[in-house]
Amino acid sequence: MSKAPHISIKGLSVSFKSRTGTVNALNNISLDIAPGSFFTIVGPSGCGKTTLLKVLSGVLQPSGGEVLFDGVAIDKNKVQGQVGYVFQRSLLLPWRNALDNVMLTMEVARRDMSRADREREARHWLNIAGLDGFEKRFPHELSGGMQQRVSICRALAFRPKVLLMDEPFAALDEITRETLQEELLRLWMQTETTVVFITHSIPEALLLSEQIAVMSARPGRVLERIEVPFPRPREEATRELPEFGAMAGHVRGLLRHRDPATAKAQ
Ligand SMILES: Nc1ncnc2c1ncn2[C@@H]1O[C@H](COP(=O)(O)OP(=O)(O)OP(=O)(O)O)[C@@H](O)[C@H]1O
Ligand SMILES: [Mg+2]
């Protein structure tokens, strides 16, 4: 497969117009994301993180600015086979069982694989996600966390060049979360996938990412971009490092920061 693209976000703004007025969700965001990096966005609720991922996936047109993949403006039709998306809430097809939902992305993006290989790959991911025995269950027969795991499997199974993940592990129990974090990192290290990840968990951001962008309250701006230096594999001992605590404290401080302009407007 060809390499993941360099993602360049230039002066991006998004506002939503409704009957009650205009909501400025993103204000002049510029970010460069290197090919193959693990890039995490943290920021207060409502600051525009999901909105940003929607623009990156091509489903939402920005009001200003642009997003380039390898220097070319993204095209909704072209990004589909390139970009995997785990939404904040799982969006499975209700009429397809778990296995068929996972196979869906591969049917579109991995036409080079035989059906048997696609099924083997889908079963492999369901197994990793602890869903052995649930392959034939339909979404309504699964718990919310199980549905989310199927969505994660669906996005990972086709090995996209860009993987957009919107708080994918928030609803999971701790052990499942840790297992899927490890698998995601393994996949990321084995492939050249660029991961753009959103989380509210500062430790999760520090354990997974190469870079973190901290966003302000709405309208979201990038307050700071942080390089995460800890060597991999990052383990329990990583959390105990004084530098880890210091960096977590720094991010927390940025998230507490209230922009005077925003504060006045509220
Ligand atoms: N389709 C829409 N129409 C109108 N307003 C919207 C729409 N989508 C998002 N917004 C508004 O844009 C802002 C940013 O929303 P967004 O979902 O991107 O936030 P978020 O950072 O992902 O928050 P959270 O952490 O709670 O998921 C919010 O004020 C929200 O109300
Ligand atoms: Mg969101």
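Heads up: numbering here begins at 1 and tracks the sequence. All ligand and atom numbering here is 1-based and tracks the order in the structure. Scope of the values below: all heavy atoms of this structure, side chains included, with no hydrogens, waters or symmetry mates.
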Let me see the working for E204 and E167 under side chain to side chain contact (heavy atoms under 4.5 Å, CB included), right down to the final yes or no.
CA-CA 10 Å; E204 182 172 69; E167 300 183 43; over 6 Å; no

Could you walk me through whether L156 and E183 pass the side chain to side chain contact (heavy atoms under 4.5 Å, CB included) check?
CA-CA 10 Å; L156 297 179; E183 283 307 319; 5.6 Å; no

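The shortest N or O to N or O distance between C47 and ligand 1 is below 3.5 Å. Residue V23 has no N or O atom closer than 3.5 Å to an N or O atom of ligand 1.
Shown here, atom 30 (C) of ligand 1 is out of close reach of the protein: none of its heavy atoms lies under 4.0 Å off.
Nearest protein heavy-atom contact of atom 26 (O) of ligand 1 is S45 OG, 2.6 Å. Among protein heavy atoms, the minimum distance from atom 6 (C) of ligand 1 is reached at F16 CD1, 3.3 Å. Counting only heavy atoms of the protein, atom 23 (O) of ligand 1 lies nearest to G46 N, 2.7 Å. The nearest heavy-atom contact from the protein to atom 17 (O) of ligand 1 is T50 CB, 3.6 Å. Protein heavy atom nearest atom 27 (O) of ligand 1, with residue, atom name and distance: Q88 NE2, 2.8 Å. The shortest contact between atom 25 (O) of ligand 1 and any protein heavy atom is with K49 NZ, 2.7 Å.
Taking a cutoff of 4.0 Å between a charged side-chain nitrogen and a carboxylate oxygen, R118 and E121 do not qualify as a salt bridge. A salt bridge between E119 and R123 is present, with a side-chain N of the basic residue lying under 4.0 Å from a carboxylate O of the acidic one.
Of all atoms in ligand 1, numbered sequentially from 1 with element shown, those under 4.0 Å from a heavy atom of H200 are 25 (O). The contact set between ligand 1 and E167, taken as ligand atoms under 4.0 Å from a residue heavy atom, comprises 25 (O), 27 (O). In summary, the atoms of ligand 1 found under 4.0 Å from a heavy atom of T51, numbered by their order in the structure, are 14 (C), 15 (O), 16 (P), 18 (O).
Hydrophobic clustering (ILVMFWY, side-chain heavy atoms < 4.5 Å, transitive): Y85 and L163 are in distinct clusters.
With rounding to the nearest 0.5 Å, the separation of CG in L60 from OG1 in T50 is 11.0 Å.
The closest approach between a heavy atom of G48 and any atom of ligand 1 is below 4.0 Å.
Under a cut-off of 6.0 angstrom, the local environment of NZ in K136 is crowded, with over 12 non-hydrogen atoms contributed by other residues, nucleotides or ligands.
Residues R159 and T193 have side chains not in contact (no heavy-atom distance under 4.5 Å, counting atoms from C-beta outward).
Between F38 and W188, the ring planes are perpendicular. Angles over 60° get that label, and only those under 30° would be called parallel.
Residue T50 counts as close to the Mg ion (ligand 2), with an N, O or S atom under 2.8 Å.
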